[in-house]
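Since the structure comes first, as structure tokens, the remarks are kept for the end.
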Amino acid sequence: MRAAVLLCLAAAPALAEGPAFVDRSADLPMAHVYDGGWAHFVGGGVAVLDCDADGFPDLFAAGGETPAVLLRNVTGAPGAALRFEVADLPEITGVTGAYPLDIDGDGWGDLFVLRSGGNMALRGGPGCAFADATKAWGIDPGDAWSTAFSATWEPGAALPTLAIGNYVDREDPKGPFRACDDNALIRPEGDRYGPPLPLSPGFCALSMLFSDAARRGTPDLRVSNDRHYYVRGGSEQMWIMPELRLLGAEDGWQPVSIWGMGIASADITGDGLPEVMLTSMGDQLLQYATGGHGWRDAPYAVGATAHRPHMGDDGRPSTGWHAEFGDVDNDGLRDLFIAKGNVDQMPENAMRDPNSLLRQLPDGRFEEVAGSAGVASMHRGRGAALADLNRDGRRDLVVVNRRAPLEVWENVTEGGTWLALRPRQDGPNRDAIGAWIELRTPDGRVQTAELTVGGGHAGGTLGPVHFGLGAAEAADVRVIWPDGAVSDWLAVDANAILGLERAGDGLTVSAQ
């Protein structure tokens, strides 16, 4: 299977000259910093969503002991220079991260805000107005040190099921070592939430992701854990849904013990199954899906380990945080960005640790291009996002840094054609979380993308799913909806942002 995949990838369009970005951080209306003591060594996420429905993605950035900030995107027109303004937001401190999703299905993106202390659910409304709806929705905010999140819609539910990952139990007298807190699952009961269900044991989660990686029709919950605080037997975890059972070797699950910090998931081989990148202190671990709940570590020769700084004179191991797959040059192959930076003053790890941008080559290998692309910042990177901020069809980059200002880079790559697609359906799960998009270009290549909420490190994106098309001027698309229904194929022209509304077996297309 792997050999066939590589042959398919080898038929991909010729590469562009290379990704290129321009630093636009100086144009931001403020220098926002993720700061604070021990509780904010981890976290530092950014949530990307269009909170005012003008088509341009806005940014909610965690601040730690500094108040979180909402940067409203006021870019004048598609392709224009990036412009942001500071929007009104209640002062919220202690924020480690945030994830966007439409919790109540009203068409406006909401925010689940992770904090060192009580978490918050912010209901979105017109004009980027956010109001605290934690109590109204019956969500127990808890008082933990929350550092991970994911969400999914279970069959028949009016609200999404929420998974919350917690770090060290600050009340445990044995802490901080061997004192990981339990995680929690919150399921809806009607139009409100029930009490949290413990996910135990916890091994200091720093990323979680509901994903139907096994393609069995039901997403399971992957948890990436920080080995520094493991108790005996700690490892990465997979909770099978809906019964909430930890997978073991008898299920084909092979536990991995790493200093887990982030999860990226995408089908990069073209076989319809999502691969995962797991970031850590040391090697960044790429795993290929083998079917069911099986995974295989990518060989070192694939070039995705990003295990030491690729620039500068610091040869100590790297520390990876947010990871995200995205086609930054629109050649039809998904690339990989990894935000990197020392936890704080860890002497065994590199202090000058530039971000990595790994460009996927037609043979399935990756090459480091962060330096030539202009995104190899030496700040302590944490959360990040690849998002088309000015609607020109190229994915720009946002990085939240610890003790250094937030950075924004505009993508100016001369690449291929593209499509950005946003499935929508009636009912509570308006954004069709759990659906799969399939895109077929005239050369017969098929790209797949799963709609998820979670993963990364302490932040994520709600919006159109981006595909690079190489040289193709059109493509066929279809959606496999969360309930398993499959739409007909629909032909669409390239270089457009399109809404895909569910209409029986078909799709109704609208410009976004």
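The aromatic rings of Trp145 and Tyr167 sit perpendicular to each other, their planes meeting at more than 60°, with 30° as the lower class boundary. Taking the six-membered ring where the residue is Trp, Tyr34 and His40 present perpendicular rings, their angle passing 60° and hence far from 30°.
With values rounded to the nearest 0.5 angstrom, Asp102 atom CG is found 11.0 Å from Leu111 atom CG. Interatomic distance, Phe325 CZ to Leu386 CG, rounded to the nearest 0.5 Å: 11.5 Å. We find the CG-CG distance between Leu70 and Asp88 to be 9.0 Å, quoted to the nearest 0.5 Å.
A donor-acceptor pair is defined here as one N or O able to donate and one able to accept, closer than 3.5 Å; such a pair exists between the side chain of Asn73 and the backbone of Leu389. Within the 3.5 Å criterion, the main-chain N or O of Ala163 finds no donor-acceptor partner in the side chain of Ser150. Between the side chain of Asp335 and the main chain of Val328, a donor-acceptor pair closer than 3.5 Å is present. Of the possible polar contacts, none joining the Thr134 side chain to the Met120 backbone as a donor-acceptor pair under 3.5 Å is found. Checked by atom type and distance alone, the side chain of Asn330 pairs as donor or acceptor with a backbone atom of Gly393 at under 3.5 Å. Looking only at distances, a side-chain donor or acceptor of Trp321 sits under 3.5 Å from a matching main-chain atom of Gly341. Using a distance-only test at 3.5 Å, with no hydrogens or angles considered, no donor-acceptor pair links the side chain of Asp140 to the main chain of Pro195. When atom types are taken as modelled, the side chain of Asn183 and the backbone of Asn166 share a donor-acceptor pair closer than 3.5 angstrom. Side chain of His457 to backbone of Met261: a donor-acceptor contact under 3.5 angstrom is found. The main-chain N or O of Leu500 is never found under 3.5 Å from a side-chain atom of Thr508 such that the two would form a donor-acceptor pair.
When side chains are defined from C-beta on, Ser356 does not count as touching Phe337, because their heavy atoms never get closer than 4.5 Å. Annotation: side chain of Pro160 is not in contact with side chain of Thr152 (no heavy-atom distance under 4.5 Å). Contact of the Trp137 side chain with the Arg192 side chain is not registered, since no non-hydrogen atoms from C-beta on lie closer than 4.5 Å. For the pair Phe149/Asn119, no side-chain contact is recorded, criterion being any heavy-atom separation below 4.5 Å from C-beta on. Under the 4.5 Å side-chain criterion, counting only non-hydrogen atoms from C-beta, Pro464 is not in contact with Leu421. Residues Arg402 and Phe41 form a side-chain contact, since some pair of their non-hydrogen atoms from C-beta on lies under 4.5 Å apart. Side-chain contact between Trp253 and Trp295: present, with at least one pair of heavy atoms (C-beta onward) separated by less than 4.5 Å. Using a 4.5 Å cut-off on side-chain heavy atoms (C-beta onward), Val223 and Ile263 make no contact.
Residues satisfying the side chain to side chain donor-acceptor pair (under 3.5 Å) criterion with Ser510, sequence neighbours excluded, are Gln512. The side chain to side chain donor-acceptor pair (under 3.5 Å) test applied to His322 returns Glu324, not counting sequence neighbours.
Atom CZ of Arg403 sits in a crowded spot, with more than 12 heavy atoms from other residues, nucleotides or ligands closer than 6.0 Å.
Using a cutoff of 4.0 Å between basic side-chain nitrogens and carboxylate oxygens, Arg334 and Asp327 are not scored as salt-bridged. A salt bridge links Asp251 and Arg245; the closest N-O separation between the charged side-chain nitrogens and carboxylate oxygens is under 4.0 Å. Taking a cutoff of 4.0 Å between a charged side-chain nitrogen and a carboxylate oxygen, Arg424 and Asp431 qualify as a salt bridge.
Trp489 carries Arg440 over the face of its six-membered ring, with the cationic atom under 6.0 Å from the centre and within 45° of the normal. With Phe56 as the aromatic partner, Arg391 meets the cation-pi criteria of under 6.0 angstrom to the ring centre and within 45 degrees of the ring axis. A cation-pi arrangement, defined by a distance under 6.0 Å to the six-membered ring centre and an angle within 45 degrees of its axis, is absent between Arg187 and Trp153.
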Next item on the list: Go through the steps to decide whether Asp169 and Asp182 satisfy the test side chain to side chain contact (heavy atoms under 4.5 Å, CB included), and finish with yes or no.
Entry: CA-CA 8 Å; Asp169 181 355; Asp182 284 340; over 6 Å; no
Next item on the list: For the pair Gln237 and Leu246, evaluate side chain to side chain contact (heavy atoms under 4.5 Å, CB included) and give the outcome as yes or no after the intermediate values.
Entry: CA-CA 7 Å; Gln237 296 168 304; Leu246 270 175; 3.8 Å; yes
Next item on the list: Please step through side chain to side chain donor-acceptor pair (under 3.5 Å) for the pair Glu407 and Ser377, ending with a clear verdict.
Entry: CA-CA 9 Å; Glu407 294 173 292; Ser377 171; 3.0 Å; yes
Next item on the list: Begin from the C-alpha positions of Trp409 and Asp396 and carry the test side chain to side chain contact (heavy atoms under 4.5 Å, CB included) through to its verdict.
Entry: CA-CA 6 Å; Trp409 289 271; Asp396 308 302; over 6 Å; no
Next item on the list: Take Leu419 and Val492 through the side chain to side chain contact (heavy atoms under 4.5 Å, CB included) test and state the conclusion after the steps.
Entry: CA-CA 9 Å; Leu419 277 168; Val492 294; 3.6 Å; yes
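Each of Asn355, Val375, Val408 was compared with Leu397 under the side-chain contact (heavy atoms from CB on, under 4.5 Å) criterion, and only Val375 meets it. Of the residues Asp58, Asp52, Asp54, the one that meets the salt bridge (Lys or Arg N to Asp or Glu O under 4.0 Å) test with Arg72 is Asp52. Checking Arg24, Arg83, Arg394 one by one against Glu410, the salt bridge (Lys or Arg N to Asp or Glu O under 4.0 Å) holds for a single residue, Arg24.
Defined by atom type and a distance below 3.5 Å, a donor-acceptor pair is present between the side-chain atoms of Asp220 and His293. Under the 3.5 Å distance criterion, with hydrogens and angles disregarded, no donor-acceptor pair is assigned to the side chains of Asn495 and Thr417. No side-chain donor-acceptor contact under 3.5 Å links Asp267 and Gln447. Looking only at atom types and distance, the side chain of Ser116 has a donor-acceptor partner in the side chain of Arg170 under 3.5 Å away. The closest side-chain donor-acceptor pair between Lys340 and Thr319, if any, does not fall under 3.5 angstrom. Using modelled atom types, one finds no donor on one side chain facing an acceptor on the other under 3.5 Å when comparing Asn225 with Glu236. For the residue pair Thr161/Glu154, the side-chain donor-acceptor check at 3.5 Å is satisfied. Between the side chains of Glu438 and Thr448, no donor-acceptor pair is found at a separation under 3.5 Å. In this model, no donor atom of one side chain and acceptor atom of the other lie less than 3.5 Å apart for Gln284 and Thr279. Side-chain atoms of Ser211 and Glu450 form a donor-acceptor pair, as typed in the model, at a separation below 3.5 Å. Remark: the Asp329 side chain and the Thr413 side chain contain no N/O donor-acceptor pair separated by less than 3.5 Å.
Taking the six-membered ring for Trp and the full ring otherwise, Phe112 and Tyr99 have centroids separated by 6.0 Å or more.
Listed by first and then second residue, the salt bridge (charged side-chain N to carboxylate O under 4.0 Å, His left out) pairs that reach into residues 497-511 are Arg430-Glu501, Asp483-Arg502, sequence neighbours excluded.
Scanning both residues, Ala98 and Ala47, for their nearest heavy atoms gives O-CB, 3.5 Å.
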